K.L.:
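Below is one structure. I have some questions about it.
Every value quoted in this text rests on a predicted model; they were computed, and no experiment measured them.
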Amino acid sequence: MFVYPEIYDVIVVGAGHAGSEAAAASANLGMKTLLITMDLTKIAQMSCNPAMGGIAKGQIIREIDALGGYSGIVADKSAVQFRMLNRSKGPAMWSPRTQNDRTLFTVYWREILEQIPHLDLMADMVIRLHFEKNRLAGVETKNGLRIQSKTVILTAGTFLNGKIFIGKTQVKGGRIGEPSASGITEHLMELGFQSGRMKTGTPPRVDARSLDFSKMEEQKGDENPSKFSFSHTTKPLEKQLSCWITYTNPTVHEALRFGFDQSPLFQGEIEGAGPRYCPSIEDKIVRFAGKERHQLFVEPEGWNTYEMYVNGFSTSLPIDVQTDSLKRVPGFEKARIIRYGYAIEYDYFPPVQLKHTLETKRIENLFFAGQINGTTGYEEAAAQGIIAGINAALKIKEQEPFILARDQAYIGVLIDDLVTKGTDEPYRMFTSRAEFRTLLRQDNADLRLTPLSYKIGLATEERMRKVEEKQTKIQILLKFVENQSIKPGEVNPVLMEKNTPPVKQGMKLKKILSRPQLSLPDYKKINPLQNFLTQNNIDDEVLQQLEILLKYEKYIEKEKQFARKMKALENILIPENFDYSQIPSLSNEGREKLSKIRPRTLGQASRISGVSTSDIQVLLVYMGR
């Protein structure tokens, strides 16, 4: 075993979305960092659909950007389409999404990583952790290297003992055409970790030249597209590619059923749980047997390719069944399949074995991030990556850990759910998981998180100045509309145009702007307000904040009050080695769950499934003593 001459602060294993964000964060915090991956041409590879964001996931990307991560910047630079989803609903539900150029996404990520000081890249496979005097001291690789480090972050994605299924064909692999990673799972289990199996899948890719788009519904990008990053690094798209919508039908379902006897999913060959909210097409037609059609999104893979991704048709059925069933979809009658769909099963480690910092409870200075923790999706992985990278760096610096609360970020909800409740199926973020979603909007992620990130040294001074300027302008604008009286003649033409009652006498501008019928474009038609915006150089981003704060003032204040109440429990710490067996008045299930998960605070304890309200009351009394 050759001892590598360099000694690192942080080694990140795996260069997917989690690994890339983790390595960037630790290096930008001044840590000498090594990012090890099997193939340097596949950095942050979009293994599944070529898109970023979406419902709740878009909020996560904006949060990563606000913290100083790069997923939003890369998504903007490689975007071929931008859409703000859920515009018809309240702003708490608005979610940005980009369709991306798959190749450019990887290229831009590598360019960014190679320009970060203190960060080295290496092509190799880690097979074991290295210990000295019972302390984690680095990793050992397949090529015979022993590399020393103070901390290690494992972000193995779907590569741990990965197995690919296409019909009855089974091959080892972490992605199609790429080898799986062996050794790490077995080694971690020897060290006392518990592991499990999960499954995910991907659909066929087809040749756009063989499709009849006249039989599909065109889905264009936003007329005035926005972007993910709050920084000036990126710009909104000036041109966009369209996506397309089509549907399955009973004849497609009939063709799919023909292959069920060769389906690894139904023949019991796949043991791991698949994603509940993104099931394979064969799973859909069984679970929703009464539904005659399922929506498919036909998405471009990039600017300069004719490869199209068939979103919604994930499958592990045999090649002949995939071909026959797909050709029965409207517009796909002459479809040429470029790549066939497949399922992949892989190892994961139940995340209740982690602290909120994503450091493992069993081994100090070892962190897990991404699909190794049972999540699904690029966004969830990247979020864990940046938090693991930050906390690995702070641990070395002997500084306080960086933990986001549930009322501070979707990232806080994600990690709290994982380490408190665990998961036995691939975890996916939804707005419904966040009890403070009116506070955790995509539009205010910078206001919420950039100051926190700047304080620990990750977000740049330029980012912080931009946030301070935005906050100042919001306050100036709020003060103006609260104090400015408006005359009927200055506002009635706008009100009548929107079919809302005109005013008969002067009133404060704030009251007018709070009307639900008025939106941001209408605000600009009110001359006194428009003049103030021009004089103070206030842009639409700030004006949108005003609109949301005025219209949702009561909802926002209600959530803030609830958050303050919850914080009371979060501030009550439970000693690390607290012995729950010494409290006879706890329920048996509560005692068992508390002893296993070992919550950090009473707030976390209250969210553990199986811990009752009376259990929390008992603990509250006991902690008071």
K.L.:
Indicate yes or no: at least one non-hydrogen side-chain atom of His187 is less than 4.5 angstrom from one of Leu191.
P.N.:
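SC-SC contact between His187 and Leu191 confirmed.
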
K.L.:
Closest approach of Trp94 and Gln59, non-hydrogen atoms and distance?
P.N.:
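Reported closest heavy-atom pair: O-NE2, 3.1 Å.
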
K.L.:
As a test of understanding, state which of Ile396, Asp120, Leu119 forms a side-chain contact (heavy atoms from CB on, under 4.5 Å) with Lys32.
P.N.:
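Single side-chain contact (heavy atoms from CB on, under 4.5 Å) partner of Lys32 among Ile396, Asp120, Leu119: Asp120.
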
K.L.:
Can a salt bridge be assigned to the pair Arg406 and Asp417 using a cut-off of 4.0 Å between side-chain N and carboxylate O?
P.N.:
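Answer for the salt bridge query: yes.
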
K.L.:
Would Thr185 and Asp347 count as a side-chain hydrogen bond (donor to acceptor under 3.5 Å, both in side chains) if you check the C-alpha gap in whole Å, the side-chain angles of each, and the deciding distance to 0.1 Å?
P.N.:
CA-CA 7 Å; Thr185 297; Asp347 295 334; 2.8 Å; yes

K.L.:
For the backbone of Tyr8 and the side chain of Ser149, can you confirm whether one donor and one acceptor N or O come within less than 3.5 Å of each other?
P.N.:
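No, because the side chain of Ser149 does not come within donor-acceptor range (under 3.5 Å) of the backbone of Tyr8.
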
K.L.:
Quick one: closest heavy-atom pair of Ile556 and Ile548, and the distance?
P.N.:
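Closest approach of Ile556 to Ile548, heavy atoms only: CD1-O, 4.2 Å.
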
K.L.:
For the pair Ser614 (side chain) and Ser612 (backbone), establish whether a donor and an acceptor sit closer than 3.5 Å, ignoring hydrogens and angles.
P.N.:
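Checking the backbone N and O of Ser612 against the side chain of Ser614, no donor-acceptor pair under 3.5 Å is found.
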
K.L.:
Is any side-chain heavy atom of Ile415 closer than 4.5 Å to a side-chain heavy atom of Leu404?
P.N.:
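Answer no - side chains too far apart.
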
K.L.:
Does the pair Gln371 and Thr158 meet the rule for a side-chain hydrogen bond (donor to acceptor under 3.5 Å, both in side chains), with working shown?
P.N.:
CA-CA 7 Å; Gln371 284 182 280; Thr158 60; 5.0 Å; no

K.L.:
With a 4.5 Å heavy-atom cut-off, do Leu354 and Leu418 have their side chains touching?
P.N.:
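With C-beta onward as the side chain, the pair stays apart.
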
K.L.:
With a 4.5 Å cut-off on side-chain heavy atoms, are Leu594 and Ile583 touching?
P.N.:
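Of all side-chain heavy-atom pairs linking Leu594 with Ile583, none is under 4.5 Å.
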
K.L.:
Please say whether the positively charged group of Arg433, taken as NZ for Lys or CZ for Arg, lies over the ring of Tyr427, i.e. under 6.0 angstrom from the six-membered ring centre and within 45 degrees of the axis.
P.N.:
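Pair Arg433/Tyr427 counts as cation-pi.
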
K.L.:
Around atom NZ of Lys172, are there more than 12 heavy atoms of other residues, nucleotides or ligands at under 6.0 Å?
P.N.:
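Counting neighbours around NZ of Lys172, 12 or fewer heavy atoms of other residues, nucleotides or ligands fall under 6.0 Å, so no.
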
K.L.:
About how many Å separate CG of Leu447 and CD of Gln545, when rounded to the nearest 0.5 Å?
P.N.:
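Taking CD in Gln545 and CG in Leu447, the distance rounds to 5.5 Å.
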
K.L.:
For residues Ser20 and Ile43, report the shortest heavy-atom separation together with the two atoms involved.
P.N.:
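It is OG-CG2, 3.6 Å.
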
K.L.:
Check whether any side-chain heavy atom of Arg197 sits under 4.5 Å from a side-chain heavy atom of Lys163, and report yes or no.
P.N.:
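Heavy-atom side-chain distance check passes, below 4.5 Å.
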
K.L.:
For Asp446 and Thr450, test the side chains for any donor-to-acceptor distance below 3.5 angstrom and give the result as yes or no.
P.N.:
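There is no such pair (donor and acceptor under 3.5 Å, judged by atom type) between the side chains of Asp446 and Thr450.
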
K.L.:
Using a strict threshold of under 4.0 Å (side-chain N to carboxylate O), is an ion pair present between Arg362 and Glu190?
P.N.:
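Answer for the salt bridge query: no.
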
K.L.:
With the side chain counted from C-beta on, respond yes when Tyr4 and Gln148 share a heavy-atom pair under 4.5 Å apart, and no when they do not.
P.N.:
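SC-SC contact between Tyr4 and Gln148 ruled out.
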
K.L.:
What distance do Met189 atom CE and Ile184 atom CD1 have between them, rounded to the nearest 0.5 Å?
P.N.:
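Met189 atom CE to Ile184 atom CD1 measures 14.0 Å (nearest 0.5 Å).
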
K.L.:
Given 3.5 Å as the limit, does a donor-acceptor pair link the side chain of Arg441 with the main chain of Thr438, or not?
P.N.:
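A pair under 3.5 Å: yes.
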
K.L.:
Is the closest side-chain heavy-atom distance between Lys142 and Pro179 below 4.5 Å?
P.N.:
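They are not in contact (no side-chain heavy atoms under 4.5 Å apart), so the answer is no.
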
K.L.:
Heavy-atom count check: over 12 atoms from other residues, nucleotides or ligands less than 6.0 Å from Arg135 CZ?
P.N.:
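12 or below, so no.
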
K.L.:
Would you call Asp9 and Lys150 a salt bridge, taking side-chain N to carboxylate O under 4.0 Å as the test?
P.N.:
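The answer is yes: the pair qualifies as a salt bridge.
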
K.L.:
Mind checking the CD1-CD spacing from Ile597 to Gln604? Nearest 0.5 Å is all I need.
P.N.:
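Spacing of CD1 (Ile597) from CD (Gln604) equals 7.5 Å.
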
K.L.:
For Asp579, look at atom CG and say whether over 12 heavy atoms of other residues, nucleotides or ligands are found less than 6.0 Å away.
P.N.:
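Yes, because the 6.0 Å sphere around CG of Asp579 holds more than 12 heavy atoms from other groups.
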
K.L.:
Compute the ring centroids of Tyr378 and Phe105, then answer whether they are less than 6.0 Å apart.
P.N.:
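Centroid distance Tyr378-Phe105: not below 6.0 Å, so no.
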
K.L.:
Nearest 0.5 Å please: distance from the CG atom of Asn373 over to the OH atom of Tyr348.
P.N.:
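Atom-to-atom, Asn373:CG and Tyr348:OH are 10.5 Å apart.
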
K.L.:
Indicate, with yes or no, if the rings of Tyr580 and Phe578 have centres closer together than 6.0 Å.
P.N.:
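For Tyr580 and Phe578, the ring centres are under 6.0 Å apart.
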
K.L.:
Tell me yes or no: between the side chains of Ser71 and Glu379, is some donor less than 3.5 Å from an acceptor?
P.N.:
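Absent: no donor and acceptor within the cut-off.
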
K.L.:
Decide whether Ser587 and Asp615 meet the rule of one side-chain donor and one side-chain acceptor closer than 3.5 Å.
P.N.:
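There is such a pair (donor and acceptor under 3.5 Å, judged by atom type) between the side chains of Ser587 and Asp615.
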
K.L.:
Give the C-alpha distance, both sets of side-chain angles, the deciding distance and a yes or no for side-chain hydrogen bond (donor to acceptor under 3.5 Å, both in side chains) between Thr357 and Asn391.
P.N.:
CA-CA 6 Å; Thr357 58; Asn391 280 308; 5.1 Å; no

K.L.:
State whether the side chain of Lys397 and the backbone N or O of Leu29 hold a donor-acceptor pair below 3.5 Å, judged by distance alone.
P.N.:
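Yes, the answer is positive, given that a donor and an acceptor are paired below the 3.5 Å cut-off.
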
K.L.:
So, Arg437 side chain and Ala92 main chain: donor-acceptor pair closer than 3.5 Å or not?
P.N.:
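Flag not set: sc Arg437 to bb Ala92 has no pair under 3.5 Å.
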
K.L.:
Quick one: closest heavy-atom pair of Gln408 and Ile403, and the distance?
P.N.:
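Taking Gln408 first and Ile403 second, the nearest heavy atoms are OE1-O, 3.9 Å.
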
K.L.:
Do other residues, nucleotides or ligands put more than 12 heavy atoms under 6.0 Å from Glu462 CD?
P.N.:
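No, the 6.0 Å shell around CD holds no more than 12 heavy atoms from other groups.
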
K.L.:
State plainly whether the residues Glu380 and Arg428 are in salt-bridge range, i.e. N to O under 4.0 Å.
P.N.:
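Salt bridge absent between Glu380 and Arg428.
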
K.L.:
If you compare all heavy atoms of Leu154 against all heavy atoms of Ile372, which two are closest, and at what distance to 0.1 Å?
P.N.:
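So the two residues come closest at O-CG2, 3.8 Å.
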
K.L.:
Taking the six-membered ring where the residue is Trp, are the ring centres of Phe368 and Phe193 under 6.0 Å apart?
P.N.:
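Yes: the rings meet the under 6.0 Å criterion.
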
K.L.:
Please answer whether the main-chain N or O of Asp416 pairs with a side-chain N or O of Thr420 as donor and acceptor at a distance below 3.5 Å.
P.N.:
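Such a contact is found between Thr420 side chain and Asp416 backbone.
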
K.L.:
I'd like to know if Arg146 and Glu140 make a salt bridge, using a cut-off of under 4.0 Å between side-chain N and carboxylate O.
P.N.:
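Here Arg146 pairs with Glu140 in a salt bridge, since their nearest N and O are under 4.0 Å apart.
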
K.L.:
Taking C-beta and beyond as the side chain, do Gln194 and Val352 meet within less than 4.5 Å on heavy atoms?
P.N.:
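A side-chain contact under 4.5 Å is absent here.
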
K.L.:
If you draw a 6.0 Å radius around CD in Glu576, do more than 12 non-hydrogen atoms from other residues or ligands fall strictly inside?
P.N.:
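Open: at most 12 neighbouring heavy atoms sit under 6.0 Å from CD of Glu576.
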
K.L.:
Going by an N to O cut-off under 4.0 Å, is there a salt bridge joining Glu570 and Arg607?
P.N.:
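Result for this pair is yes, salt bridge flagged.
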
K.L.:
Donor-acceptor check, side chain of Ser606 to backbone of Gly603, threshold 3.5 angstrom: yes or no?
P.N.:
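Here the side-chain-to-backbone pair exists.
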
K.L.:
What pair of heavy atoms forms the shortest contact from Thr37 to Ala15, and how long is it?
P.N.:
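So the minimum-distance heavy-atom pair works out to CB-CB, 3.6 Å.
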
K.L.:
Atom OH in Tyr555, atom CD in Glu559: separation rounded to 0.5 Å?
P.N.:
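Taking OH in Tyr555 and CD in Glu559, the distance rounds to 11.0 Å.
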
K.L.:
Is there a donor-acceptor pair under 3.5 Å between the side chain of Asn28 and the backbone N or O of Ile116?
P.N.:
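Judged by distance alone, no pair lies under 3.5 Å.
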
K.L.:
Go through the structure and list residues passing side-chain contact (heavy atoms from CB on, under 4.5 Å) with Ala156, not counting sequence neighbours.
P.N.:
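Testing Ala156 for side-chain contact (heavy atoms from CB on, under 4.5 Å), a comparison that skips the adjacent residues, returns Leu160.
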
K.L.:
Do the side chain of Thr155 and the main chain of Val13 share a donor and acceptor less than 3.5 angstrom apart?
P.N.:
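Present.
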
K.L.:
Kindly say whether Met93 contributes a backbone atom to a donor-acceptor pair with the side chain of Ser95 at under 3.5 angstrom?
P.N.:
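Yes; at least one donor-acceptor contact below 3.5 Å.
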
K.L.:
Should Arg448 and Asp407 count as an ion pair when the cut-off is N to O under 4.0 Å?
P.N.:
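A salt bridge is absent here (no side-chain N lies under 4.0 Å from a carboxylate O).
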
K.L.:
Can you tell me how far CG of Leu129 sits from CG of Leu188, rounded to the nearest 0.5 angstrom?
P.N.:
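These two atoms lie 5.5 Å from each other.
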
